[in-house]
Peer 1: 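Below is a structure I'd like to ask you about.
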Amino acid sequence: VRRGLGVGVYASGAGILSPNGDGIGETLPMGMGVDTDLTEAVATWTMLDAFGTEVLPAPVPFDVTALGADTNVAFTIDPFAQGASLSDGEYSVKVVLTGTVDGRSFSGTASTTVTVDTTAPALDGAVPTVASFNPEYDDWSKQYRNEVVFTVSRSGPSPYTDRADVIDASGSVVLRNVDYGWWNSGRIAWNGRDRNARVLPEGAYRLRLTVSDYIGNQTVVVSSEVT
């Protein structure tokens, strides 16, 4: 086998996947190119950790029938489906390609770095500062307020997406995105009204916070009730 076949491999997007079995970001689309036309081509992919140790039970073959000097091929890596349990961190995706050019056998390898991220953003809770309030009445002397403030416990870097919804006793959303800057401020104020400034009916309400990272790992926290 003559070596020296020019092979390139790349990951799509940010090159991040979350292979933990929850169905979110499990796989990562990849692409491979070669510098010449081949016949009888065969290719496999595998993953290596930071120490160069293969983390899959065996290399995984993928279809390269359309591969040529002017045509890249796409394939998808799915380490969880291959039985791998990966810690968060950087890994190398290595491809090995063999094929025939003018009756002679060639082979080549290429690698690229991907990131495994299976950890959701840290969000510990949301605590209301009062147990009840009246949206149409404000009297400090009687300890009544016309809004409720939730104190949010969070840590780590800012999430890729965040939202704060008010839900009723049945779990239905009555106000979406009550506040847009709460991750930085650590507080959310709600005046008991909907998006059209209408006072909501008396009853129990809770705040539901949802945060996600780039790949889609998600944390959901629901506060205690306020009335």
Side-chain angles (χ1 to χ4, degrees), residues 13-28 49-50 55 79-80 84-91 113-135 137-138 140 142-195 197-227:
I16 304 174
L17 70 162
S18 180
N20 58 2
D22 65 0
I24 300 174
E26 298 280 349
T27 64
L28 181 63
D49 62 19
V55 296
F80 184 82
S85 179
L86 304 182
S87 302
D88 287 6
E90 292 190 342
Y91 293 80
T113 300
V114 299
T115 300
V116 169
D117 174 16
T118 61
T119 304
L123 183 61
D124 300 322
V127 180
T129 53
V130 295
S132 61
F133 69 107
N134 187 334
Y137 185 69
D138 193 359
W140 279 95
K142 295 183 179 180
Q143 297 183 350
Y144 289 130
R145 292 298 313 279
N146 63 358
E147 69 174 13
V148 57
V149 175
F150 297 85
T151 301
V152 182
S153 299
R154 73 271 188 248
S155 59
S158 298
Y160 186 69
T161 63
D162 60 71
R163 63 181 300 143
D165 299 330
V166 178
I167 59 177
D168 61 19
S170 70
S172 299
V173 176
V174 296
L175 178 60
R176 299 186 183 276
N177 293 319
V178 62
D179 190 297
Y180 288 96
W182 61 269
W183 182 270
N184 292 327
S185 67
R187 66 187 300 276
I188 297 171
W190 177 49
N191 60 7
R193 300 171 183 267
D194 63 15
R195 186 62 65 192
R198 296 173 300 199
V199 175
L200 292 174
E202 292 186 6
Y205 296 90
R206 293 172 293 168
L207 184 70
R208 184 176 66 197
L209 304 179
T210 306
V211 294
S212 302
D213 62 13
Y214 179 85
I215 195 62
N217 297 306
Q218 187 177 93
T219 299
V220 179
V221 167
V222 178
S223 74
S224 56
E225 291 182 345
V226 294
T227 57

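Since the structure is predicted, the reported quantities are computational estimates derived from the model, not experimental observations.
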Peer 1: Is the shortest side-chain heavy-atom distance between Val130 and Glu147 below 4.5 Å?
Peer 2: no
Peer 1: Tell me if a side-chain donor or acceptor on Thr227 pairs with a main-chain N or O of Ser132 at a distance below 3.5 Å.
Peer 2: no
Peer 1: Flag the pair Pro135 / Val199 as yes when at least one side-chain heavy-atom distance between them is below 4.5 Å, and no otherwise.
Peer 2: yes
Peer 1: My understanding is that only residues two or more places apart in sequence, or in another chain, count here; which of them pass side-chain hydrogen bond (donor to acceptor under 3.5 Å, both in side chains) with Thr119?
Peer 2: Asp88
Peer 1: Between atom OG of Ser223 and atom CD1 of Ile188, what is the distance when rounded to the nearest 0.5 Å?
Peer 2: 9.0 Å
Peer 1: To the nearest 0.5 Å, what is the distance between OG1 (Thr118) and CD1 (Ile16)?
Peer 2: 12.0 Å
Peer 1: State, with a plain yes or no, whether a side-chain heavy atom of Val152 is found less than 4.5 Å away from one of Leu123.
Peer 2: yes
Peer 1: Does the side chain of Asn146 reach to within under 4.5 Å of the side chain of Asn191, using non-hydrogen atoms?
Peer 2: no
Peer 1: Has Glu90 got a side-chain atom pairing as donor or acceptor with Thr113's backbone, closer than 3.5 angstrom?
Peer 2: no
Peer 1: With sequence neighbours excluded, tell me which residues meet side-chain contact (heavy atoms from CB on, under 4.5 Å) with Ser212.
Peer 2: Thr161, Gln218
Peer 1: Among residues at least two apart in sequence or on other chains, which ones pass side-chain contact (heavy atoms from CB on, under 4.5 Å) with Thr151?
Peer 2: Thr129
Peer 1: Tell me every residue that passes side-chain hydrogen bond (donor to acceptor under 3.5 Å, both in side chains) with Arg198, counting only those two or more places apart in sequence or in another chain.
Peer 2: Asp194
Peer 1: May I ask you to test the Val148-Phe150 pair for a side-chain heavy-atom distance under 4.5 Å?
Peer 2: yes
Peer 1: Which pairs would a plain distance check flag for residues 203-210, meaning a side-chain donor or acceptor within less than 3.5 Å of a matching protein atom at least two apart in sequence or in another chain?
Peer 2:
from: Tyr205; atom 1: OH; to: Pro201; atom 2: O; distance (Å): 2.6

Peer 1: Search all heavy atoms of Val178 against all heavy atoms of Trp190 and return the closest pair with its distance.
Peer 2: CG2-CD1, 3.8 Å
Peer 1: Is Ile167 close to Ser172 at the side-chain level, that is, under 4.5 Å between some pair of heavy atoms?
Peer 2: no
Peer 1: Distance from Asp117 atom CG to Thr115 atom OG1, nearest 0.5 Å?
Peer 2: 8.0 Å
Peer 1: Could you tell me if the side chain of Leu17 sits less than 4.5 Å from the side chain of Tyr91, heavy atoms only?
Peer 2: no
Peer 1: Run the side chain to side chain contact (heavy atoms under 4.5 Å, CB included) test on Val166 and Val173 for me, step by step, so that the C-alpha distance in whole Å, both residues' side-chain angles and the decisive distance to 0.1 Å come before the verdict.
Peer 2: CA-CA 6 Å; Val166 178; Val173 176; over 6 Å; no
Peer 1: Give the intermediate values and the outcome of side chain to side chain contact (heavy atoms under 4.5 Å, CB included) for residues Ile24 and Ser18.
Peer 2: CA-CA 7 Å; Ile24 300 174; Ser18 180; 5.9 Å; no
Peer 1: Kindly state each residue pair satisfying salt bridge (Lys or Arg N to Asp or Glu O under 4.0 Å) with at least one member in residues 153-163, sequence neighbours excluded.
Peer 2: Arg163-Asp165
Peer 1: Does anything in residues 160-182 form a ring pair (Phe, Tyr, Trp, His ring centres under 6.0 Å)? List the pairs, not counting sequence neighbours.
Peer 2: Tyr160-Tyr214
Peer 1: Among residues at least two apart in sequence or on other chains, which ones pass side-chain contact (heavy atoms from CB on, under 4.5 Å) with Ser158?
Peer 2: Trp183, Asn184
Peer 1: Indicate yes or no: at least one non-hydrogen side-chain atom of Pro128 is less than 4.5 angstrom from one of Val226.
Peer 2: yes
Peer 1: What heavy-atom pair brings Leu175 and Arg193 nearest, and what distance separates the two atoms?
Peer 2: CD2-O, 3.5 Å
Peer 1: Determine the minimum heavy-atom distance between Asn217 and Ala120, stating which atoms define it.
Peer 2: CB-CA, 3.7 Å
Peer 1: Taking all non-hydrogen atoms of both residues, which atom of Val211 and which atom of Pro121 are closest, and how far apart?
Peer 2: CG2-CB, 3.8 Å
Peer 1: Hey, could you give me each pair passing salt bridge (Lys or Arg N to Asp or Glu O under 4.0 Å) that has a residue in residues 168-182? Not counting sequence neighbours.
Peer 2: none
Peer 1: For Thr27, enumerate each residue passing the side-chain contact (heavy atoms from CB on, under 4.5 Å) test, keeping only those at least two apart in sequence or located in another chain.
Peer 2: Thr76, Asp78
